[in-house]
Amino acid sequence: MQDGPYHAVKVRPAVHCFMGGVRIDMFTRGLDKDGKAIEGLFAAGEVSGGVHGDGRVGGNTMLDALVFDRTARRKAAERR
């Protein structure tokens with residue numbers, strides 16, 4: 001074993017992202033408890049749930065926000 005200097009950091013459980021919220025389908029429509037689309041409800045970003053399953057892959061948050069935001073905006077605009 002080499003002599004120091006050694007460095008350490010305290011590790012403890014913490015919340016670093018929100019994983020849950022409004023369940024959505026591939027068109028970003030909000031889903032009710034039976035999995036049916038709720039008229040006029042769209043969700044994107046970390047307010048939407050079920051995108052990552054049981055775990056979030058690090059570094060994917062920006063991709064989710066961009067892809068689902070664009071989809072939600074387009075689908076909402078189609079309702080006009």
Side-chain angles (χ1 to χ4, degrees):
M1 182 178 261
Q2 294 181 335
D3 293 332
Y6 298 103
H7 303 279
V9 62
K10 185 175 184 177
V11 177
R12 62 179 184 228
V15 174
H16 68 95
C17 69
F18 183 71
M19 290 182 54
V22 180
R23 286 189 327 156
I24 61 172
D25 63 11
M26 64 187 274
F27 302 109
T28 70
R29 296 178 298 190
L31 303 176
D32 66 15
K33 65 180 180 167
D34 297 319
K36 295 180 183 170
I38 300 170
E39 183 67 29
L41 178 62
F42 299 90
E46 291 191 1
V47 72
S48 58
V51 175
H52 293 282
D54 291 336
R56 181 180 71 84
V57 178
N60 283 352
T61 304
M62 286 302 296
L63 181 61
D64 289 353
L66 294 172
V67 169
F68 289 109
D69 172 68
R70 183 177 186 206
T71 303
R73 286 183 291 119
R74 285 183 172 181
K75 291 297 178 183
E78 288 175 6
R79 293 175 37 89
R80 290 179 151 195

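If you're wondering where the values come from, they're calculated on a predicted model, not measured in any experiment.
Of all non-hydrogen atoms in Arg23 and Lys33, the two that sit nearest each other are NH2-O, 3.9 Å.
Residue Asp25 holds its CG atom at 10.5 Å from CD1 of Ile38, rounded to the nearest 0.5 Å.
Legend: residues meeting side chain to side chain contact (heavy atoms under 4.5 Å, CB included) with Ala72, ordered by chain and number and at least two apart, are Thr28, Phe42, Ala44. Listed by chain and residue number, nothing satisfies the salt bridge (charged side-chain N to carboxylate O under 4.0 Å, His left out) test with Lys36 (two or more places apart in sequence, or in another chain). Arg73 meets the side chain to side chain contact (heavy atoms under 4.5 Å, CB included) test with Asp69, Arg70; sequence neighbours excluded.
Taking a 4.5 Å side-chain heavy-atom cut-off between Ile, Leu, Val, Met, Phe, Trp and Tyr, the cluster of Leu31 contains only that residue. Cluster note: Phe27 groups with Met26 through ILVMFWY side-chain heavy atoms spaced under 4.5 Å, whether in direct contact or through intervening members.
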